[in-house]
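Input: a single structure, listed below in C-alpha cells.
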Amino acid sequence: MANMSVRDLRERYQCFFEARGHRRIPSAALLPENDASVLFTTAGMHPLAPYLLGETHPMGTRLVDVQRCLRTGDIDEVGDSSHLTFFEMLGNWSLGDYFKRESLTWSYEFLTQELEIDPARLAVTVFAGDADAPRDDESAAIWLGLGIPAERIHFLPKEDNWWGPVGAAGPCGPDSEIFYDTGRPDHSGCRPGCGCGKWLEIWNNVFMAYRKTADGDLVKLSRANVDTGMGLDRTIAVINGCDDVYQIDTLAPLIARLEALTGHACAYSDAQYTRAFRIVADHIRAATVAIADGAIPSNVEAGYITRRLIRRAIRYGVELGIRAEPFCAQLAETVLSVLGDAYPILEQRRDVIVSELAREESRFKATLERGLREYRKLFERLRRDGRTTIAGADAFNLYETFGFPLPLTLELAREDGLLVDEGRFGELLEEHKTDSRRGAEQKFKGGLQDHSEQTTRLHTATHLLHAALRQVLGASVRQMGSNITPERLRFDFSHPEALSEAQLREVERLVNEEISRNDSVSYDVLSLEQAVEGGALAFFGAKYGEQVKVYSIGAFSREVCGGPHAAHTGELGGFTIVKQEVVGQGVRRIRAVIASPCEG
Ligand code: SER
C-alpha cells in the first residue's frame with residue numbers, strides 16, 4: 001500500500017480496534033502525572049499502569065490509543081536510519097479481557113489485511129521460558145496457525161522477550177514481537193532482534209500476567225492483561241518503503257526546513273551531513289513536545305533532558321553551518337504544522353514553545369561565544385609554549401563546558417595549524433557517557449508507578465490539598481502538575497503570588513481536619529459532562545464524550561482522577577506543608593508530607 005500518511009495510519013489503527021470492541025482514549029502528556037519514578041512517558045502502557053495493576057478503567061476493558069512517547073536511553077543511536085527519541089506509539093489493551101489468541105490474531109490481520117504487508121516479510125519472536133515463567137508454546141502455536149512458518153518463529157530469552165517493569169517494580173510479562181524484513185542482506189547468525197538493521201521490530205504484544213514487587217519477587221496478577229505497542233513512525237516508514245524513518249510525513253518537512261535554513265548549502269542526501277540533519281530534526285521535535293507538556297529547559301530532571309536535546313541539536317546545527325538564529329523556534333513551527341492536529345496542546349502552548357526555544361538558543365549561543373574566547377586563550381598558551389597539539393582533556397573541556405562539538409574544535413585547530421589528540425578526547429567522552437548512563441539508571445530505581453500504600457495515601461492527600469487551596473485562595477486555583485514519591489507529595493498550581501504564612505497554616509488545618517473526620521473515599525463512573533456539571537474538578541487529559549472516574553472524599557473534594565486512593569481519610573497521618581516554591585510565572589509549588597499512620 002503506497003504512501004499512507006501518518007494521520008491515515010493513526011485513524012485506521014484506531015478504527016480497526018474500535019470495530020473489535022475497543023474504546024479510544026486520548027494520549028496522556030509526556031510528563032507523567034502523580035508518578036515520580038520516570039521523567040517521561042516512555043510507552044503507551046505507562047499512563048495505564050494503575051489499570052494494568054487492577055484499577056477499573058472508566059472506558060472499559062478494551063482500549064486503543066496513540067500515545068506520544070520520549071525515550072533518551074538510545075540517544076547516541078539517533079542519527080542512524082531508525083532511532084528516535086520522540087515517537088508515537090499505537091497501542092491496544094485488554095484489561096483482564098481477551099488474551100493471546102485475539103491479540104496475536106488481530107495484530108496479524110491488521111498488518112497483512114488492513115496494511116497489506118506481505119506475510120512473507122514477517123517473522124516473530126516468543127518467550128523461551130526460564131525459572132520465572134514457562135516457554136510460550138501457546139503463542140508459537142497461534143502464530144503457526146496464522147501461517148507464520150516454524151523457521152520464522154524464534155524462541156528468545158528474557159533479554160529479548162520479556163517486557164517491563166519500567167524500573168525496579170510494576171507490571172510485566174512475556175512478550176511476542178513482530179519483525180519486518182527490510183530486505184537487507186542476511187549474515188551468519190542474523191535473526192530478529194540482532195540489531196544489524198535487516199529486521200525491524202514493528203509491534204510488540206506483551207502478555208502482562210505478572211507484577212514485580214519492590215523486593216524483586218514476581219507475583220501473578222489476578223487478572224492478566226494485554227499491552228501492545230506499535231512504533232508508528234517505523235511502521236509507516238516500512239509500509240511506504242522508505243529507506244529511513246526521516247522520510248515519513250511527520251519528519252521529512254523538518255529535514256526540508258533544515259536544508260532551507262542552511263541556505264541549501266548542505267543536502268540531507270550528502271552522506272557527510274545526513275547524521276547531523278537527523279539529530280537536529282529528532283531532537284527539536286522531541287524538545288518541542290516536551291516543552292508543550294511542561295518540561296521547560298532547566299538544570300533538573302525532565303527540564304534538563306529538554307535542555308540537553310536542544311543544546312545537542314544546536315551543536316549539530318552549527319556543524320550544518322546554520323548561522324540563522326533563532327533556528328530552533330523556526331523548526332518548531334514546522335513541528336507544529338505536522339503534529340498540531342494530533343496533539344492540540346502544541347497549538348495551545350505555541351507561545352511558550354517559541355519563547356523557551358529562543359531563550360535556550362540564545363543562552364547556549366552565549367556559552368559557545370565564551371568557548372570561543374576560551375579556545376583563543378588555549379591557542380595563545382600553546383603557541384607560547386611552542387606546542388602544536390591540543391590535549392584531549394582541553395578539547396573535552398571545550399565540549400563539556402562550552403558545548404563545542406569535536407568537528408568545530410578540529411576546524412579551528414586546522415585553521416591555526418594545530419592538531420587535536422582525538423584518541424584521548426574519545427576516551428574521555430566514553431567515560432562521561434558511562435557516568436551519565438549510570439545517573440539515568442539511578443533515576444529509575446523506584447520503578448514504574450509505585451503503588452505502595454504510602455504513595456496511595458499521598459495521592460489522596462494531594463486531592464485534599466487541592467480542595468483546601470481552593471477554599472483558602474479561591475476557585476481560580478488550578479492543578480498544574482503532581483508528582484509523588486513514597487516520601488512526599490509535590491503539587492503545582494496556578495496562583496499569582498506567594499501564600500502568606502497564615503494561608504499555609506489554614507490550608508494545613510483544613511486538610512488535617514478532613515483527615516480526622518475519617519470520611520470515606522469513593523468513586524462514580526460518569527461522562528465528563530456529567531462530572532463537570534456535578535462540580536467535579538477536571539483539569540487533565542480527559543476529552544468530552546469520555547467516561548471518567550470521579551473520586552469523592554466526603555463532601556470535601558470531588559475530582560476526576562484514575563486512582564488509586566486510600567479508602568478513608570483517617571488512613572492518612574498528620575499532614576504538613578514542608579515548603580512552598582515558585583516554578584514559573586503564576587505557578588506555585590507545595591511540597592508536603594504525611595506522617596505514616598502509626599506515627600500519626
Ligand atoms: N510496553 C510495550 C513496549 O513498549 C508494548 O506496548 O514495547
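Counting starts at 1 for both ligands and their atoms, following the listed order.
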Inset, instruction - With heavy atoms under 4.0 Å as the rule, classify the contact between Arg71 and ligand 1 as side chain, backbone, both or neither. - result: side chain

Inset, instruction - Have a look at Asn161 and tell me which of Asp136, Asn204, Asp175 forms a side-chain hydrogen bond (donor to acceptor under 3.5 Å, both in side chains) with it. - result: Asp175

Inset, instruction - Have a look at Asp181 and tell me which of Arg121, Lys198, Arg191 forms a salt bridge (Lys or Arg N to Asp or Glu O under 4.0 Å) with it. - result: Lys198

Inset, instruction - Using a 4.0 Å heavy-atom threshold (strictly under), name the region of Thr228 that reaches ligand 1: side chain, backbone, both or neither. - result: backbone

Legend entry - Distance-only polar pair, side chains of Tyr523 and Glu55, donor-acceptor under 3.5 Å: no

Inset, instruction - Identify whether the distance between the nearest side-chain nitrogen and carboxylate oxygen of Lys212 and Asp132 falls below 4.0 Å. - result: no

Legend entry - Under 3.5 Å: donor-acceptor pair, side chain of Ser27, backbone of Arg68: yes

Legend entry - atom 3 (C) of ligand 1 - nearest protein heavy atom and its distance: Trp163 NE1, 3.2 Å

Legend entry - ligand 1 atoms in contact with Val206 (distance to a heavy atom under 4.0 Å): 2 (C), 5 (C)

Legend entry - Atom indices of ligand 1, in the order listed, that fall short of 4.0 Å to a heavy atom of Ala43: 4 (O)

Inset, instruction - Begin with the C-alpha distance, continue with both residues' side-chain angles, and end with the deciding distance and a verdict on salt bridge (charged side-chain N to carboxylate O under 4.0 Å, His left out) for Arg20 and Glu102. - result: CA-CA 10 Å; Arg20 286 155 186 81; Glu102 293 88 336; over 6 Å; no

Legend entry - Distance filter under 4.0 Å to Gly229 heavy atoms, resulting ligand 1 atoms: 5 (C), 6 (O)

Inset, instruction - Can you pull out the closest protein heavy atom to atom 1 (N) of ligand 1? Residue, atom name and distance to 0.1 Å, please. - result: Asp227 OD2, 2.8 Å

Legend entry - Numbered atoms of ligand 1 (with element) below 4.0 Å of Met45, judged on heavy atoms: 1 (N)

Legend entry - Met89 near ligand 1 by a heavy-atom separation under 4.0 Å: yes

Legend entry - SB check Glu360 Arg311 (cutoff 4.0 Å): yes

